[in-house]
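Structure first, then comments.
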2 protein chains.
Amino acid sequence: MVSKVEHRDRTGCPIACALDIIGDHWTLLIIRNLMFLGLHEYKEMLETEEQISSNILTLRLKMLQEAGLIASASHPESKRRKLYYLTPTGKDLIHVLVPLVLWSRRNLREHLRIPKDIDHLLESDPQAFLQETLQRLIDWERINLKTSQ
Amino acid sequence: MVSKVEHRDRTGCPIACALDIIGDHWTLLIIRNLMFLGLHEYKEMLETEEQISSNILTLRLKMLQEAGLIASASHPESKRRKLYYLTPTGKDLIHVLVPLVLWSRRNLREHLRIPKDIDHLLESDPQAFLQETLQRLIDWERINLKTSQ
DNA sequence: CTAATTTACTTCTATAATAGAAGTATTATT
DNA sequence: AATAATACTTCTATTATAGAAGTAAATTAG
């Protein structure tokens with residue numbers, strides 16, 4: 001939740017407290033960009049199909065950093081660019097997002113357009129999809145986060 | 001998403017399409033009420049710690065019925081009361097919500113107050129927790145949905 | 001049988017959040 | 001030196017939410 005009075009002020013429910021962070025229309029899409037789509041820059045996230053507003057994107061990136069789900073580093077090739085990436089807490093959401101994707105596949109079939117190869121892997125071996133995704137994140141970090149914090 | 005322009009109009013992403021239904025501050029709390037807390041009536045949901053407004057609760061219950069995640073039936077003991085319950089699509093979200101609870105346990109420990117017995121079961125055998133939850137839902141349905149739709 | 005109460009909403013208004021357009025500061029390219 | 005790219009920031013109009021109050025039908029109490 002992004003409002004002033006958050007659920008965690010009123011309840012210790014693990015679902016309510018998670019919703020204080022990821023319970024809005026945009027936050028999980030940013031996590032998706034970082035986790036599955038390989039989008040690590042502000043500009044790239046502005047240009048996704050869902051068309052997030054620039055002010056909202058800025059707010060959410062700031063909130064996610066304060067919540068400890070993402071972090072940022074300067075781009076190795078340019079000072080004016082910035083790289084966002086998932087922290088261990090953010091990456092740990094893969095255990096929620098892969099099941100969410102599988103739920104959508106089972107229940108919202110008619111609305112979805114999933115690339116064929118990914119769709120087949122989700123069907124035949126979702127755990128392999130999860131592991132491949134995690135490995136891709138590790139590889140990306142090794143290449144892009146050599147220097148600095 | 002609850003706004004006019006929904007993600008599914010712009011994208012076929014399984015995460016974005018799921019967020020059109022469950023991506024707001026209240027919807028997953030209603031699912032939680034039905035799935036884990038045994039709350040099946042409007043009044044009970046109004047009285048939870050999170051203090052949802054009555055107009056928002058009405059809107060979300062209507063939306064969730066239209067989306068096919070919940071359904072309603074008249075109370076066996078009273079015509080003025082109404083029972084809400086999860087459809088198979090709604091119950092299928094258990095495969096997302098249990099991982100979400102486990103993510104919160106791992107990453108938001110300090111904010112949580114989970115009953116001890118449940119917390120132990122989540123730690124030792126989350127799959128058993130999931131199965132017990134599903135069984136409780138089936139038992140509730142057998143008792144409360146004998147008649148009518 | 002009547003009056004009070006309960007339940008599930010509905011309506012209204014003030015406040016907060018979001019969308020969209022436009023601008024700014026810093027860095028890089030031509 | 002001028003132009004462009006990147007990551008924001010600011011502003012305003014629209015939309016959503018919170019909170020208070022009201023309504024209609026069903027039930028209970030006296």
Side-chain angles (χ1 to χ4, degrees), chain A residues 1-7 9-11 16 19-30 33-34 39-66 70-85 144 148, chain B residues 1-7 9-10 16 19-30 33-34 39-66 70-85 144:
Chain A
M1 199 178 232
V2 190
S3 63
K4 294 243 181 81
V5 178
E6 305 196 333
H7 292 315
D9 297 331
R10 328 192 217 195
T11 176
L19 289 174
D20 282 342
I21 301 173
I22 58 161
D24 79 296
H25 307 318
W26 293 110
T27 300
L28 280 185
L29 290 181
I30 292 174
N33 291 341
L34 294 165
L39 307 181
H40 292 268
E41 295 187 47
Y42 186 90
K43 188 179 179 263
E44 294 173 319
M45 299 204 203
L46 267 188
E47 291 168 348
T48 56
E49 283 182 311
E50 291 88 7
Q51 310 219 58
I52 189 170
S53 288
S54 58
N55 52 354
I56 303 297
L57 178 55
T58 300
L59 283 173
R60 290 297 178 281
L61 289 170
K62 193 173 297 180
M63 180 275 287
L64 281 169
Q65 287 179 87
E66 285 164 6
I70 72 175
S72 62
S74 59
H75 195 287
E77 287 171 17
S78 169
K79 271 188 190 171
R80 76 179 165 200
R81 292 164 75 184
K82 213 166 158 183
L83 292 175
Y84 291 96
Y85 60 96
N144 294 282
S148 74
Chain B
M1 198 177 230
V2 191
S3 62
K4 294 242 182 80
V5 179
E6 306 196 332
H7 291 316
D9 297 332
R10 327 193 219 197
L19 289 174
D20 282 342
I21 301 174
I22 59 160
D24 79 298
H25 306 318
W26 292 110
T27 301
L28 279 185
L29 291 180
I30 292 174
N33 292 341
L34 294 166
L39 306 181
H40 293 269
E41 295 186 48
Y42 185 90
K43 189 180 177 260
E44 294 174 319
M45 299 204 203
L46 267 187
E47 291 168 349
T48 56
E49 283 182 311
E50 292 89 5
Q51 310 221 56
I52 189 171
S53 289
S54 58
N55 52 354
I56 303 297
L57 179 54
T58 300
L59 282 173
R60 291 298 178 280
L61 288 170
K62 194 173 296 180
M63 180 274 287
L64 281 170
Q65 288 179 86
E66 284 164 6
I70 71 174
S72 61
S74 60
H75 195 290
E77 285 172 17
S78 167
K79 273 188 188 170
R80 76 179 165 202
R81 291 164 75 184
K82 214 166 155 183
L83 293 175
Y84 292 96
Y85 59 96
N144 293 281

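The basis for the numbers below is simple: all heavy atoms, side chains too, and nothing from hydrogens, waters or symmetry mates. Letters A, B, ... are given to chains in the order of the sequence lines, protein chains preceding strands, and every chain is numbered from 1.
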Between N or O atoms, less than 3.5 Å apart, protein on one side and nucleotides 10-14 of chain C on the other: list the pairs.
residue	atom	partner	partner atom	Å
C:dT10	O4	B:Ser54	OG	2.7

Could you pull out the protein-nucleic contacts involving nucleotides 27-30 of chain D (nitrogen or oxygen on both sides, under 3.5 Å)?
residue	atom	partner	partner atom	Å
D:dT27	OP1	B:Lys79	N	2.5
D:dT27	O4'	B:Arg80	NH1	3.3

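The interatomic distance linking B:Leu57 (CG) with D:dA18 (P) rounds to 11 Å, in whole Å. Distance, A:Lys82 NZ to C:dA25 C1': 14 Å, rounded to whole Å. Summarising the geometry, the separation between CD1 on B:Ile52 and C1' on D:dG19 is reported as 13 Å, rounded to the nearest angstrom. The interatomic distance linking A:His25 (NE2) with C:dA19 (P) rounds to 8 Å, in whole Å. Per the geometry, CD1 belonging to B:Ile30 stands 12 Å off P belonging to C:dC9, to the nearest Å. Rounded to whole Å, the distance from CG on A:Leu83 to C1' on D:dA7 is 13 Å. Taking atom CG of residue B:Leu19 and atom P of nucleotide C:dT18, one finds them 14 Å apart after rounding to whole Å. Taking atom CE of residue B:Met45 and atom C1' of nucleotide C:dT7, one finds them 14 Å apart after rounding to whole Å.
With sequence neighbours left out, B:Tyr42 forms a side-chain hydrogen bond (donor to acceptor under 3.5 Å, both in side chains) with B:Thr58. Under the side-chain hydrogen bond (donor to acceptor under 3.5 Å, both in side chains) criterion, A:Ser78 pairs with no residue, sequence neighbours left out. Looking at residues two or more places apart in sequence or on another chain, you find no salt bridge (charged side-chain N to carboxylate O under 4.0 Å, His left out) involving B:Glu44. With sequence neighbours excluded, no residue forms a salt bridge (charged side-chain N to carboxylate O under 4.0 Å, His left out) with A:Lys62.
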message: The test is side chain to side chain contact (heavy atoms under 4.5 Å, CB included); show your working for A:Met45 and A:Leu34 and say whether it passes.
response: CA-CA 9 Å; A:Met45 299 204 203; A:Leu34 294 165; 3.6 Å; yes
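Taking 4.0 angstrom as the limit, A:Trp26 places a side-chain polar atom (N or O) nearer than this to OP1 or OP2 of C:dA19. OP1 or OP2 of C:dC9 lies within a sub-4.0 Å distance of a side-chain N or O belonging to B:Tyr84.
Out of D:dT6, C:dA8, C:dT18, the shortest distance to the side chain of B:Lys43 is found at C:dA8.
Between A:Glu44 and B:Ile56, the residue whose closest nucleotide on DNA chain D is further toward the 5' end is A:Glu44.
For residues 71-85 of chain B, every residue pair satisfying the salt bridge (Lys or Arg N to Asp or Glu O under 4.0 Å) rule, not counting sequence neighbours, is listed here: B:Glu41-B:Arg81.
When atom types are taken as modelled, the side chain of B:His25 and the backbone of A:Gly23 share a donor-acceptor pair closer than 3.5 angstrom.
Nearest heavy-atom pair, B:Ser54 versus B:Leu46, reported as atom, atom and distance to 0.1 Å: CA-CD2, 3.7 Å. Here the closest non-hydrogen pair linking B:Ile21 and B:Thr27 is O-CG2, 3.5 Å.
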